[in-house]
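One structure is given below, encoded as structure tokens.
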Protein chains: 4
Amino acid sequence: MNDMTQFNDTAPIYLQIMDTIKRRLISEELKPGQQLPSVRQTAEDMRVNPNTVIRSYAELEREGIAEKRRGMGTFITENKAVIENVRNEVSHNLVSDFVSGMNECGFSAADIIALVQKHIENRTECKQENV
Amino acid sequence: MNDMTQFNDTAPIYLQIMDTIKRRLISEELKPGQQLPSVRQTAEDMRVNPNTVIRSYAELEREGIAEKRRGMGTFITENKAVIENVRNEVSHNLVSDFVSGMNECGFSAADIIALVQKHIENRTECKQENV
Amino acid sequence: MNDMTQFNDTAPIYLQIMDTIKRRLISEELKPGQQLPSVRQTAEDMRVNPNTVIRSYAELEREGIAEKRRGMGTFITENKAVIENVRNEVSHNLVSDFVSGMNECGFSAADIIALVQKHIENRTECKQENV
Amino acid sequence: MNDMTQFNDTAPIYLQIMDTIKRRLISEELKPGQQLPSVRQTAEDMRVNPNTVIRSYAELEREGIAEKRRGMGTFITENKAVIENVRNEVSHNLVSDFVSGMNECGFSAADIIALVQKHIENRTECKQENV
DNA sequence: GTGGTCTAGACCACA
DNA sequence: GTGGTCTAGACCACT
């Protein structure tokens, strides 16, 4: 009945929903003041129990990212400082997970930085070639 | 019937199984010459169809990472050069995904490298404090 | 329900399908860049399961002989060097099977070559007579 | 019910059964004077209709290869000249099919002989290495 | 329409 | 036991 195949079991689903929303916010797919889809709609879209969505929205509100307005729905905050914090939090998680993964692969700090630099340089060259 | 909650739907399951094995190989949880769990066992453990596991093992063999021996089982190759390649492949994917993610968050190349460096320094300090 | 009388059980069907296509390619019944019949069509024609055809096409792609284009179909490669290799592979198999068969019949190397030469000479004479 | 998967549809089954017996005769798996398995046994073994086997045995008798003895069964002839003829017939078919196949692959008479010679030389070297 | 993935379950070959 | 092949049929992504 319920797939949830877009989620993994390494983290609670409500955290994964929060993360999805945070990333949409950072990438400006969601903008300050914008209304989030209804709990029911999201639950249906993500094939998840509405209670799970409610919990995600509540946590987002607790973190100051969303605001519930009775009878209106849930909205992204207008407070851009908060959004900036989200950006830092998400990026911190990205960095953290990345460095952990590289360490597990046996790479030293110096290796990691060198590989990132090399990768970015290659990407830049590719873009220039395309120009 | 079938959960598969450890998988997401962004990539084929057989690729995710391959990736899992590659990471176990890099972290030396799996060692050269070691026997992999049987197709049926893996299928049961991962709650996945045996055919899907067979495909993963077949692809691993094609990449030179595993060797199948009829009636004997499937084994990690003894060839350490291949394992080194796996390490490079996996780390390249980690770097690539990381940089893409950071770019989506709006970070420049310089930002990314600075954040990685800062993160590594902090980790190092933490470790020193623990000592 | 299913005949498959055009196949024997000494080799997997997917290999026999591959071989059929390779021979058609060599005899120029199939030409570089040409579209192969769809998986479903071939499966129906050969009275075989689509998965078996998919496997054949996948292997042909892996050998560089075919190229799959999502939603478009499967095509013979334009690369003529690859086709030349196919020609060599198929002819090598023909020679190998032939010599094995003759050995089983108790013919020596010298016998085999003599018989081939004699056969070719006779054929040539036949053709000349027909002219 | 009936597989017959060891046969293909390019030639009548009774001819294929005859060919199988001829090859066994040449390779001395069957010897002059030896009794062939009963029609019923062969039909069961090959998963073929008994009438098909009867036809094969009748044709073998017509060619002088087998002899039916009422109430006794079917036997390979004692006449070694006949066996020699079988050897020539089978080898002729092998040569003929081989040369046709090579021609379809686009090889000239000279190519064919050269490839056979090369293949035999390589095989000989392999054997010598093993010694 | 194309090919891609997966499941369920069958039967086979090898050891 | 092991892996190998095949079928029947489902659902998905791309064009």
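Just so it is clear, the model here is predicted, and its values are computed rather than measured. We name chains A, B, ... by the order of the sequence lines, and we start the count at 1 in each one.
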Provide, to the nearest angstrom, the distance between the CD atom belonging to B:Glu44 and the P atom belonging to F:dT2.
10 Å
Can you tell me how far P of F:dT5 sits from CD1 of C:Ile17, to the nearest Å?
13 Å
Which heavy atom of D:Gly101 sits nearest to which heavy atom of C:Leu94, and what is that distance?
C-CD1, 3.7 Å
To the nearest Å, how far apart are C:Gln41 CD and E:dT2 C1'?
13 Å
Can you tell me how far CZ of A:Phe98 sits from CD1 of B:Ile112, rounded to the nearest 0.5 angstrom?
10.0 Å
Tell me, yes or no, whether the heavy-atom count around D:Arg23 atom CZ, taken from other residues, nucleotides or ligands under 6.0 Å, exceeds 12.
no
Can you find a heavy atom in the side chain of B:Leu36 that is under 4.5 Å from one in the side chain of B:Thr42?
no
Quick check for you: among F:dG3, F:dC6, E:dC6, whose closest atom lies nearest to any side-chain atom of B:Ile13?
E:dC6
Roughly how far, to the nearest 0.5 Å, is OG1 of D:Thr20 from CG of D:Leu15?
10.5 Å
For the residue pair A:His119 and B:His92, categorise the inter-ring angle as parallel (less than 30°), tilted (30 to 60°) or perpendicular (more than 60°).
perpendicular
Among residues 66-78 of chain B, which contact DNA chain E at a heavy-atom distance under 4.0 Å?
B:Arg70, B:Gly71
Whole angstroms only, please: what is the CE-C1' distance between B:Met46 and E:dT7?
17 Å
Within this structure, what is the OH-to-C1' distance between C:Tyr14 and E:dC12, rounded to whole angstrom?
14 Å
Given atom CZ of B:Arg55 and atom C1' of F:dG3, what is their separation to the nearest angstrom?
17 Å
Rounded to the Å, how far apart are B:Gln35 CD and F:dT2 P?
9 Å
Protein-nucleotide distance (B:Met18, atom CE; E:dC6, atom C1'), rounded to Å:
17 Å
Smallest separation among heavy atoms of D:Ile17 and D:Ser56, with atom names
CB-OG, 3.5 Å
Nearest 0.5 Å, what's the CD1-CG distance between B:Ile65 and B:Leu30?
11.0 Å
Gap between atom NZ of C:Lys80 and atom CZ of C:Arg87 - 0.5 Å precision
13.5 Å
Report the secondary structure of DNA chain F in dot-bracket form, marking unpaired bases with a dot and bases paired to a different strand with |, and treating Watson-Crick or G-U pairs with both distances under 3.5 Å as paired.
||||||||||||||.
Please assess B:Gln41 against B:Asp45 for the test side chain to side chain donor-acceptor pair (under 3.5 Å), listing each intermediate value before the final yes or no.
CA-CA 6 Å; B:Gln41 187 62 48; B:Asp45 290 351; 3.0 Å; yes
Pairwise N/O distances under 3.5 Å, protein to nucleotides 9-11 of chain E:
unit_1: E:dG9; atom_1: O6; unit_2: B:Asn51; atom_2: ND2; d: 2.9

Other residues, nucleotides and ligands only: do more than 12 of their heavy atoms fall within 6.0 Å of CZ on A:Arg40?
no
Closest to side chain of C:Val39, choosing from F:dC6, F:dG3, E:dG3:
E:dG3
Taking only side-chain nitrogens and oxygens of B:Thr52, does any of them come within less than 4.0 Å of OP1 or OP2 of E:dT5?
no
